[in-house]
Amino acid sequence: MSETMIALVTGANKGIGYEIAAGLGGLGCRVGVGARDAARRETAVGKLRALGVDAFEVPLDVTDGQSVTDAAELIERRAGRLDALVNNAGISGEMGPGWVQDPTVLDLEVLRTVVDTNVMGVVRVTNAMLPLLRRSASPRIVNVSSSVGSLTRQADPDIEVGPIMAAYAPSKSFLNALTLQYARRFAGTNILINATCPGLVATDFTGFHGPRTPEQGAATAIRLATLPDGGPTGSFFEDDGVVPW
């Protein structure tokens, strides 16, 4: 692409989202740092600019329709289009002892809150940004999912999938299914949409437990956000290849 690539990363003020923004910026992209916390968003943009990244703030709460609309209008004013959208913002929801969400005692408000952010938030942001993405020569959408959303792996007793997470894991299965529906809708167009699993990354999201760094967790999302024309769509990837649905 001869023009500077414009990207938006949601939940980009810390962790994997920040590293996705940094990685895209390192490739020469202009990056919108989407985050709801003003102080953390400002700090993240300052750090990125210190690294030489052309970053700008995008106030964004994915659970708030007006916030999402305002974010799309801001990007239109600042950039006029969008080449890559990385839907990274997500929450685990309240956990019980042992970092477990027991389905037999699951608070429906916890489930509702998780789905509102991890699934409905992706729909809100994606649909609001579509007019800007359609102005791109090579629009890309990346949904940051998790391998715990793989029904194939969850159903295999020989695969270690971690604790029972009756809100978080199904929200990622839902997100994966939604990714496929968007891919079907965009079939035959230049819009490529895929899901990615960053792996178990040591961030505050996991209580800093995990063998992978945020930089490692960001790598596949960065690759999918910069796919060449004719690349895959409607697939679910981790570092080692395709994740089974």
Side-chain angles (χ1 to χ4, degrees), residues 1-91 116-144 175 178-179 182 185-186 189-194 196 218 221-222 224-227:
M1 186 182 298
S2 57
E3 295 180 293
T4 298
M5 181 176 168
I6 311 297
L8 170 65
V9 183
T10 69
N13 59 297
K14 58 182 179 177
I16 296 168
Y18 174 84
E19 293 300 338
I20 293 171
L24 290 172
L27 295 175
C29 301
R30 188 178 182 203
V31 184
V33 175
R36 60 186 177 182
D37 186 291
R40 289 177 177 175
R41 186 177 63 241
E42 181 179 0
T43 297
V45 168
K47 288 170 58 181
L48 289 167
R49 288 177 176 169
L51 295 173
V53 175
D54 185 0
F56 62 98
E57 292 187 50
V58 181
L60 178 58
D61 179 348
V62 302
T63 68
D64 184 326
Q66 188 59 56
S67 174
V68 173
T69 297
D70 292 346
E73 291 174 352
L74 185 153
I75 293 170
E76 181 166 23
R77 293 194 304 271
R78 295 289 298 270
R81 71 173 196 285
L82 190 62
D83 300 299
L85 168 63
V86 182
N87 288 306
N88 167 75
I91 61 172
D116 191 26
T117 298
N118 295 359
V119 181
M120 295 173 66
V122 170
V123 175
R124 288 187 193 97
V125 174
T126 299
N127 291 353
M129 300 300 164
L130 267 176
L132 296 170
L133 286 161
R134 293 185 190 278
R135 295 177 188 172
S136 171
S138 301
R140 306 290 179 256
I141 302 171
V142 183
N143 292 335
V144 178
L175 178 60
L178 188 66
T179 301
Y182 273 106
R185 175 62 179 82
F186 297 143
T189 75
N190 59 352
I191 300 176
L192 304 181
I193 178 168
N194 294 284
T196 179
I222 294 167
L224 294 174
T226 56
L227 283 173

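Owing to the predicted nature of the structure, the values given are computational and were not obtained by experimental measurement. Starting from 1, each residue takes its place in the sequence as its number.
- N194 is not listed as a side-chain neighbour of N143, based on a closest heavy-atom distance of 4.5 Å or more.
- Within the model, atoms OG1 of T4 and CG of D54 stand 7.5 Å from one another, a figure rounded to the nearest 0.5 Å.
- Summarising the local packing, CZ of R36 is surrounded by 12 or fewer heavy atoms from other residues, nucleotides or ligands at distances under 6.0 Å.
- The two residues N118 and L175 make their nearest non-hydrogen contact at O-CD1, 3.9 Å.
- Side-chain contact check for R124 versus D116: some heavy-atom pair is nearer than 4.5 Å.
- Contact of the S136 side chain with the I6 side chain is not registered, since no non-hydrogen atoms from C-beta on lie closer than 4.5 Å.
- Of all non-hydrogen atoms in R134 and I191, the two that sit nearest each other are NH1-CD1, 4.2 Å.
- For the side-chain contact (heavy atoms from CB on, under 4.5 Å) test with P139, the passing option among L192, N190, D83 is N190; the others fail.
- With values rounded to the nearest 0.5 angstrom, L48 atom CG is found 11.0 Å from T43 atom OG1.
- Residues forming a side-chain hydrogen bond (donor to acceptor under 3.5 Å, both in side chains) with R41 (at least two apart in sequence, or on another chain): E57.
- Atom OG1 of residue T69 and atom CG of residue L74 lie 12.5 Å apart, to the nearest 0.5 angstrom.
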**Message:** One pair to check against side-chain contact (heavy atoms from CB on, under 4.5 Å): T10 and V86. What are the steps and the verdict?
**Reply:** CA-CA 6 Å; T10 69; V86 182; over 6 Å; no
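- More than 12 heavy-atom neighbours from other residues, nucleotides or ligands sit within 6.0 angstrom of CZ on R78.
- The side-chain contact (heavy atoms from CB on, under 4.5 Å) with I193 is formed by just one residue from the set N87, L133, I141, L224; it is I141.
- With R40 contributing its side chain and K14 its backbone, the two residues share no donor-acceptor pair below 3.5 Å.
- Of all the heavy atoms in A128 and A72, the pair that sits closest is O-CB, 3.7 Å.
- When all heavy atoms of L24 and A225 are compared, the pair lying nearest together is CD2-CB, 4.1 Å.
- For the pair A21 and V53, the tightest heavy-atom approach, listed with the atom from each and the gap, is O-CG1, 4.5 Å.
- For the atom pair M129 CE and L8 CG, the distance stands at 5.0 Å (nearest 0.5 Å).
- Here the straight-line distance linking atom CD of E42 with atom CG of N13 works out to 12.5 Å at 0.5 Å rounding.
- Closest heavy-atom contact between K47 and Y18: CB-OH, 3.4 Å.
- The distance from atom CD of E73 to atom CG of L132, rounded to the nearest 0.5 Å, is 10.0 Å.
- Between T226 and L27, the closest side-chain pair of non-hydrogen atoms falls below 4.5 Å.
- Checked against side-chain contact (heavy atoms from CB on, under 4.5 Å), L178 has the following partners two or more places apart in sequence or in another chain: V119, V123, Y182.
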